[in-house]
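Just so we're on the same page: letters track the sequence lines, and every chain starts at 1.
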Amino acid sequence: MPIEGRHISYRYPNAAGEVFADLNFRMDGPGFHALFGPSGVGKTTLAKMLSGTIRGFEGTIADDGVRRVLYTYNLERLPGWSNVRAHFEEIAPLAGRRRMEELIETFGMEANVGSRFHRLSLGQQNRANLIRYLLQDFDLLIMDESLANVDEFTREKIILKVKILFPDRCFLYISHNVAEVAKFCSQVLVLRSRSRSPQLVAVQGCDHRESAESDPGLLERAMLEIVHAA
Amino acid sequence: MPIEGRHISYRYPNAAGEVFADLNFRMDGPGFHALFGPSGVGKTTLAKMLSGTIRGFEGTIADDGVRRVLYTYNLERLPGWSNVRAHFEEIAPLAGRRRMEELIETFGMEANVGSRFHRLSLGQQNRANLIRYLLQDFDLLIMDESLANVDEFTREKIILKVKILFPDRCFLYISHNVAEVAKFCSQVLVLRSRSRSPQLVAVQGCDHRESAESDPGLLERAMLEIVHAA
Amino acid sequence: AQKEKLEEVNYRLKWLYNVSAVGDLYAETRGYFTRNGLKVNVKPGGPERDALKELELGHAHFGVASADQVLRAAAKGAPIVVLAQLFQVNPLHWIYRPDQTVFSGGEELKGKRIGVTFGGNDEAILRALLARYGIAESQVTLFSVRYDYTPFYEGRVDFWPLYLNAQAVIIAEKLEKAGETYAFLSPDRLGVRFVANSVVTTREMVEKRPETVKRFLTALLEGWRDALDPRNQDQAIQVLLDADRETPEAVVRKQLPVTRELMLPAARIEFGKIDAVAWKQTEAILRSQNLIPGSVDVESLLFTFK
Amino acid sequence: MLHRRIYQFLIIYAIGLGLLLALKYGLNLSDYVIPSPDEIVRTCRTYGGPYLLAVLNTLAVAVLGHILSICLATVVAVIGRLTAWIGSFIRTAAYNIQAYPIVAVAPIIFILLGDGLQSRLLIAAMICYFPLLLSFIGVFSEPIREIEHFYESTGRMTWRLQVKIRAFENIQKLTTVIVGSATMAMVGTIVAEFIAATAGIGYSIRIALYQSDLAKILVALFLIGVGTSLYLVSLEWAGNALQKRLKSL
Amino acid sequence: MLHRRIYQFLIIYAIGLGLLLALKYGLNLSDYVIPSPDEIVRTCRTYGGPYLLAVLNTLAVAVLGHILSICLATVVAVIGRLTAWIGSFIRTAAYNIQAYPIVAVAPIIFILLGDGLQSRLLIAAMICYFPLLLSFIGVFSEPIREIEHFYESTGRMTWRLQVKIRAFENIQKLTTVIVGSATMAMVGTIVAEFIAATAGIGYSIRIALYQSDLAKILVALFLIGVGTSLYLVSLEWAGNALQKRLKSL
Ligand SMILES: Nc1ncnc2c1ncn2[C@@H]1O[C@H](COP(=O)(O)OP(=O)(O)OP(=O)(O)O)[C@@H](O)[C@H]1O
Ligand SMILES: Nc1ncnc2c1ncn2[C@@H]1O[C@H](COP(=O)(O)OP(=O)(O)OP(=O)(O)O)[C@@H](O)[C@H]1O
Ligand SMILES: [Mg+2]
Ligand SMILES: [Mg+2]
């Protein structure tokens, strides 16, 4: 299930300049991919296009076989009337209860799922939100800075676990951390400012997994390539 | 103007466990310091104690000579009735107009200050918010993940510039990026889980400045020390 | 130049412009006041208006008020005097359907369902009637009246209070159209003489500006007499229609003769005559029902120019 | 709290009364226009008891009417929140009905419902529900994206969930309006009694007005003020307790 | 838009009328209880013109009263938003005054203000302002921390800024309430005319009631409905334009 965008141009209503001018990209099949680029370059905009929130742009996005796209971002909140675990239970399929517990553990949230959402620290909120999306049925999950406020150690644990648990799904991870993106992602779509052409360059990441040894040389090369592209 | 906390214990009302139990810390004088630690460990809580938002904890915080503490966090918003520049102009002292322009430029916000806040990307919002705090009068500025959604390149530029512009002020920078904290901060207060004692360990950072060459060895040692401590 | 010499006074009516104010309007629009050197602003009253209060507050110089209002105010020390009495027979009557409600004398009120506005002067009149015929309150059913007639229309109440010269004409027409019969219970004929609307002013006015009062009263009574004169009927109706655009001419045509009948029940009666006996009876009724705190010296209240 | 509301009310009442009396003695008005303190005290002695009972009667109907109107407003707002035709239709209906003065509609209500407790309750609720409705529509039609996004995008959103989310997030505004509208319920009941009933303080006021007895009205207003304050205090207390509970969660 | 509101109103009116007529023929009520269609049409022919003028007259006062009550509610809410004693005092005062039925307070108003346009306007505004007040207090007393934090901690917060921030963030709720309260202004004016004026549709209704003429009342209600709808449509249009402008910023 490749996802492919062609000749995408877009300008926000009432905005001065265009965000995209003839943007092309392609993301192949399942895997943990990244969308990377400087702040304000259009990552969130592109993500919203993929998830169907933004329509009416020029160009096409073809995503045959991608039935269900979910978009999650770091400012989302859970309702306040019950604790986090109760919310999880409400939205997790019964069959997914074991997976739920597994995620809670990996995400380091055992001690906190008994709290209401608004009592959690920022990083805990990030994690609680992401867990509920992972309990859903999706083909592509776009995580827009979903772990931005989580510490690196926990983040790594989470990413590795996600790759193991959902090997056949497609993820698009938006993050500002070069090292992380280079190390864990399979394809890294580097979005660059409008003035540069092409506006998007794809770099191969290391797609590091728990089982495998990581090659520091490869990682460094990938990082350099990404930084250079951006 | 050292800032010193002694024997601080705190439990949120209605919360099960304590956040701090006999926490001690000391931060010396002006400089760019960091507060680091895993998500949920109590960084925001401590910051709120320093800024006076949370009171009624056990223990004392002595901050003689620190007249004015400002606390800023990454979810703040600017009002929507005028564009970002107009807001800046409203809250910047006339004498500070040059500084304002300088900050806008360093922060890479020239193209965006003409927009309303809600039309900015997340990282742009972070930056716009931080700029207005830097235009204020303060002795200690606590930045709680203030640049969490900004890309690394811009973030570095910002930190270096801030250190040049405000050499005599004290900053407490909360971030989840080990490398960044180790490289740019002077003292790194590493907050650890309640189970460990002492709950807070201070590590010396590299306090890198634009003018100076950075020593990769030193940086690596600092990073290791921090990771180890956390 | 002529106008500048006119003395301006305010005259507050009891109710909205309607047939009960025909003489007041007639005097105003046909120059009776002007001829007497007065410029009179005839202001309509209303449910929340009280001419007596306005007299005291100085907003009005003359006013129309019902006798129970006058006596109540006098009992509480309001410095007012009565100049003239508009109705010789109180227009307040009760309508009923003679084919459904057998009624030929006061005693027959017993066992009936009677509409009454609690607190209104129809309550005082009804209670006086009951007292007069020795009927205890438990022997009748009193029905609290609102401003819509549905309970009467639906036959749930036997007697419904209304003003004979105003609403009665309209209601009667509706019943006639539906082919129903109707008749009116007249308290006056049953021996309860409860005074209705009167022209009042303050004691201060009659003492300090007797000339003004005299000229006002002269013009007013003259206007009334002419308005009620059958020969001036068309002019009088026109004056009313000009002031009150909400009532159709056909209705007004029927209302005027009824009004005349109540104001000038016999040929020899002079318009505006103050019926001291009726006033005393009214005072007695109010006192017996504890509606005024003490007795009122009626004689000193009723003013006549010597 | 109780204490405060009541003595604040007393201050307000005293100011109002003081003004009236100042006017009386300033302009040398008779007891008919503005009653003397003496008469007010006397009226209070005579009518204080029965009027108190009347106020309690009214208060009971007001509480019922208040509950009714909260339900009514919730239902209308939940439907009116929809952007579809039916939502706008319901809003139009709600607004238009409200635009009719109750005095004009009352005869029709009486024809339809007779003049029992029902009519009284309906009139009270109609007067009280509209302010509630306005706030409810405001609250229920404004999305809370950060919370709703998940349910929308996973196809889990139901109208009940949406209403729950929006109500929960705006709980403070809603309690403010519900508490405040208690006074409208009181007014509504009094007006209903004024035009229809033969009991309750509204009925007493009507009689006092016919008799132009301001002393009685002042006594009635005093008791209404006390009664309303008590009702408000209890609602406020309940509202605070609720919010405290929700916050402590 | 205009189109929609008006025909929705027509549908509602038709439903109401249909119900009444169904009742009439169902229960075989005579023409004086519920007028025949014929009579309604006749009344409309005769009184449609003058009543339309009366409604326009009323509408003009209602607009004034509406503006007045928006100002009033803003002032009271801005003070009542304070947590200090004065805030709670103002709220108590506002609530208690509202708890008094206008009919009971009207005599006092007339004593104090006489019978000009002032009294009418004041009564209209008093009836209309309370629903506004409730929402305004709700909106103005709830802090918006993410925005206010900066101004609070830099000592820049003024009450005007605070009000501005909260009003701006809640602009949708506020416009909903302001638009909706237009109908209350209309009602308030009609009630004021009902008890005090010699012009306007409220006065006509009073006379129609006095004449027990339901046909006239039905015509009046129709015209009031049309008038109110038009006013609502214009306000809604203005509100939408405002919000669109703010959003496009
Ligand atoms: N609603 C909007 N109206 C106008 N311009 C917008 C709007 N939203 C975003 N923009 C602009 O479009 C550009 C891309 O925004 P977008 O949010 O996609 O950036 P981003 O890559 O996600 O940045 P960040 O990493 O800071 O989140 C930015 O310059 C931003 O100012
Ligand atoms: N209002 C609250 N009530 C109860 N517990 C709270 C409250 N706020 C925070 N906590 C808990 O206190 C602990 C410390 O929270 P704090 O926000 O200080 O963490 P943090 O170090 O800033 O984390 P992060 O990096 O995720 O922002 C967390 O475990 C959190 O769940
Ligand atoms: Mg973004
Ligand atoms: Mg934090």
Side-chain angles (χ1 to χ4, degrees), chain D residues 4-5 8-9 11-13 20 23 33-34 85 88-89 92-93 95-105 107-108 111-112 130-131 133-135 137-139 141-142 172-174 176-177 180-184 186-187 190-191 194 202 205-206 209 212 214 217 220-221 224-225 228-229 232, chain E residues 4-5 8-9 11-13 16 19-20 23 33-34 88-89 92-93 95-105 107-108 111-112 130-131 133-135 137-139 141-142 172-174 176-177 180-184 186-187 190-191 194 202 205-206 209 214 217 220-221 224-225 228-229 232:
Chain D
R4 192 203 251 191
R5 265 249 188 241
Q8 282 179 339
F9 163 69
I11 292 174
I12 291 158
Y13 188 84
L20 275 182
L23 203 73
V33 181
I34 295 173
W85 194 88
S88 118
F89 183 72
T92 305
Y95 285 17
N96 270 302
I97 289 173
Q98 183 56 31
Y100 295 151
I102 214 71
V103 280
V105 184
I108 298 173
I111 290 177
L112 295 177
F130 197 67
L133 175 68
L134 285 183
S135 298
I137 283 193
V139 161
S141 50
E142 198 169 325
Q172 191 184 325
K173 291 195 188 80
L174 291 180
T176 304
V177 177
S181 69
T183 65
M184 300 289 295
M186 196 71 185
V187 164
I190 295 175
V191 169
F194 193 87
I205 287 180
R206 189 167 76 137
L209 276 178
S212 40
L214 197 56
I217 292 180
L221 291 187
I224 292 173
T228 310
S229 295
L232 278 176
Chain E
R4 191 202 253 193
R5 263 245 189 248
Q8 283 178 340
F9 163 69
I11 293 175
I12 291 157
Y13 188 83
L19 254 155
L20 271 183
L23 203 73
V33 181
I34 296 175
S88 115
F89 183 72
T92 305
Y95 285 18
N96 270 301
I97 289 172
Q98 183 57 31
Y100 295 152
I102 212 72
V103 279
V105 184
I108 299 174
I111 289 180
L112 296 177
F130 196 67
L133 175 67
L134 284 183
S135 298
I137 282 193
V139 161
S141 50
E142 197 169 326
Q172 190 184 325
K173 291 194 188 81
L174 291 180
T176 303
V177 177
S181 69
T183 65
M184 301 288 297
M186 196 69 185
V187 164
I190 295 175
V191 170
F194 192 87
I205 288 180
R206 164 117 229 156
L209 281 176
L214 197 55
I217 291 180
L221 292 186
I224 292 173
T228 310
S229 296
L232 277 175

Counting heavy-atom pairs under 4.5 angstrom with chain D, the leader among E/Ser141, E/Gly180, E/Ser135, E/Gly225 is E/Gly180

Turns out that what part of D/Ile11 lies under 4.5 Å from chain E's heavy atoms comes down to side chain

When the 4.5 angstrom heavy-atom criterion is applied to D/Phe89 and chain E, the contacting part is both

Whatever's closer than 4.5 Å to a heavy atom in chain D on E/Leu20 counts as side chain

Cut-off 4.5 Å, heavy atoms of chain E, and the answer for D/Ser212 is neither

Applying side-chain contact (heavy atoms from CB on, under 4.5 Å) to D/Ala220 and not counting sequence neighbours gives D/Tyr51, D/Ile201, D/Ile205

Given D/Ile217, D/Val177, D/Val187, D/Val139, the one with more heavy-atom pairs under 4.5 angstrom with chain E than any other is D/Val187

Heavy-atom nearest pair, D/Gln8 first then E/Ser88, reads NE2-OG, 2.7 Å

Contacts of D/Phe130 meeting ring-ring contact (aromatic ring centres under 6.0 Å, His included) (sequence neighbours excluded), chain-then-number -> D/Tyr95

Turns out that what part of E/Ile34 lies under 4.5 Å from chain D's heavy atoms comes down to side chain

Closest non-hydrogen contact found for E/Leu134 with D/Pro131 is CD1-CB, 4.5 Å

If one checks every heavy atom of D/Thr228 against chain E at 4.5 Å, the contacting part turns out to be side chain

Whatever's closer than 4.5 Å to a heavy atom in chain E on D/Leu209 counts as side chain

Under 4.5 Å to a heavy atom of chain E? For D/Leu232 that would be side chain

